[in-house]
Protein chains: 2
Amino acid sequence: MNVVALTTTRRKASQRRRAPQIIEAAARVFAERGFHGATTQDIANVLGIKQASLYYYFSSKETALELVCLKGVEGFFDAAKAIAARPESATNRLTLLIKSHLSPLVDRPDFVRVFLNERQHLPRESRRRIGRWSRGLERIFEDVITEGIKKGEFRADLDARLATLAILGMCNAASNWHRKESTDITRAAAEFAQLAISGMGKRPTVPRRRR
Amino acid sequence: MNVVALTTTRRKASQRRRAPQIIEAAARVFAERGFHGATTQDIANVLGIKQASLYYYFSSKETALELVCLKGVEGFFDAAKAIAARPESATNRLTLLIKSHLSPLVDRPDFVRVFLNERQHLPRESRRRIGRWSRGLERIFEDVITEGIKKGEFRADLDARLATLAILGMCNAASNWHRKESTDITRAAAEFAQLAISGMGKRPTVPRRRR
DNA sequence: AATTCCATCTATTGAGCTATAGAAAAATCG
DNA sequence: CGATTTTTCTATAGCTCAATAGATGGAATT
């Protein structure tokens, strides 16, 4: 047998033609029933193939979860980091952060939902990795808020950590209601940003009158 | 056979001596691993009894979930309704609502967590019932906010629905971080209330600044 | 046309889990 | 103590599910 041919020509599971569809089906099913509540049969049903055929695309159900979670956070972190680094006021950057944080909910809601609710069921190693990533994102929000406090844009007595948790909680909850509610996400993002900004603003604050 | 004796002397599962402990163990395990991720064996392990013995206390795993969820919401709704009916400003009532909403997290965090994350796995009937309850609670928040807008306490352009979702999202997320974060819930409740109130409040108009 | 590769299928194994039945042990009560 | 009731145990049935092995058919390649 030709070992070289095998290793050079055989593609990884993630590069197989229907791989994106398979992962999307997994995302849908995991989002709907939760990781443990979902069966590989459920995923196969969505795709119209047999349960065993899935294992051509991933080596275990847990691997499938990992792929879904990874796609759920893809770009997230880098986008946030870029926004935080801009030469703008903390207020503006936080507004952008909130809008950016909500945007993936528009085009891949299932992936986000799975990432938020099911990542706890990942195997140790990848859970740690994703946890680290997650904390990094929180950090970005918190740092911008802290900076905003220092610069006098936000209340001096504000607890940056709690404000971060509040904002992220508010945003992440959107993945739970965005299906049923009629409101579109973009509008929600704008309203949420305004809520947060004025919520953290200095008490006898004056609206920022530009120009 | 003596039917009367059976029905009069035999207690319901919920009245058996250790029933509260059994439900608490279930709450702990469900909170930690999720309903489908948890096994009845896990629950038995916590209690130091055999798996089959659990069925003396509940007739199915789903029933156990239902009991946990019910205890998770116990009192919630009535407390909120009472607060909403008080003869106080919308601002004050909303502050109280937020504090009241977070308080169960102090004494029965696992139950709340299970209610929030696992109620979707309840059987149709009880899921509906709890869903109705949940919508009722949202309604209370939303009504107070709407009233606050009408009375001029909050911004006229505020979307009451979105504000409700934001506040509840912010509060409910606390069940996810309260374990790891050092902050105590009472403090968080105060800060959250302030964030929400000033976030929805009318901003002073420009001329007032000069006085 | 023959060969190789890709995608899916059939068939099955083996593990783990819920739930039941009935015995045993422990507690309670007359 | 003896009887009754409550609680827990042993044993196991029956099912579902993830995962593997190997076959099949079609597409691409030479």
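All chains are named by letter (A, B, ...) in the order of the sequence lines, taking the proteins before the strands, and each is independently numbered beginning at 1.
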Could you give the CG-to-C1' distance, from B/L47 to D/dC9, as a whole number of Å?
-> 15 Å

Kindly say if A/Y56 contacts the phosphate of C/dT8, meaning a side-chain N or O under 4.0 Å from OP1 or OP2.
-> no

B/Q21 has an atom CD; how far is it from atom C1' of D/dT8, in whole Å?
-> 14 Å

Within the pair B/R18 and D/dT8, is there a side-chain N or O less than 4.0 Å away from OP1 or OP2?
-> yes

Go through the side-chain N and O atoms of B/S103 and B/S100 and say whether any donor and acceptor fall under 3.5 Å apart.
-> no

Given D/dC17, is OP1 or OP2 found less than 4.0 Å from the side-chain N or O atoms of A/T40?
-> no

Give the rounded distance in Å between these two atoms: CD of B/Q15 and P of D/dT7.
-> 11 Å

When you measure from the side chain of A/A52, which nucleotide among D/dT20, D/dT6, C/dA7 comes out closest?
-> D/dT20

Do the side-chain N or O atoms of B/Y57 get closer than 4.0 angstrom to the phosphate oxygens (OP1, OP2) of D/dT8?
-> yes

B/N45 atom CG is separated from C/dT18 atom P, nearest whole Å, by 12 Å

Report which part of the nucleic acid A/A13 touches: base, sugar-phosphate, or nothing (heavy-atom distance under 4.0 Å, all strands).
-> nothing

For A/Y55 and C/dT10, give me the distance from atom OH to atom C1', rounded to whole Å.
-> 16 Å

Go through the structure and list residues passing ring pair (Phe, Tyr, Trp, His ring centres under 6.0 Å) with A/F35, not counting sequence neighbours.
-> A/F30

In this structure, which one of B/F76, B/F77, B/W133 forms a ring pair (Phe, Tyr, Trp, His ring centres under 6.0 Å) with B/F115?
-> B/W133

Quickly work out the A/H36 NE2 to C/dA15 P distance and round it to whole Å.
-> 20 Å

Counting only side-chain N and O atoms of B/R17, is one of them less than 4.0 Å from OP1 or OP2 of C/dA27?
-> no

Between B/E62 and B/R127, is there a salt bridge with N-O shorter than 4.0 Å?
-> no

What's the CZ-P distance between B/F58 and C/dA19, to the nearest Å?
-> 8 Å

For A/A44, answer base if it contacts any base atom (sugar-phosphate contacts may also be present), sugar-phosphate if it contacts only those atoms, and nothing otherwise; contact means non-hydrogen atoms under 4.0 Å.
-> nothing

Presence of salt bridge, B/R161 and A/E191, under 4.0 angstrom = no

Short side-chain N/O contact to D/dC9 OP1/OP2 from B/S53, under 4.0 Å = yes

Record whether the side chain of B/Q51 comes under 3.5 Å of the base of C/dA19 through a donor-acceptor pair of N or O atoms.
-> yes

Name the nucleic acid region contacted by A/T39, choosing base, sugar-phosphate or nothing; use a 4.0 angstrom heavy-atom cut-off, strictly under.
-> sugar-phosphate

May I have the distance from A/K61 (atom NZ) to D/dC17 (atom P), rounded to whole angstrom?
-> 9 Å

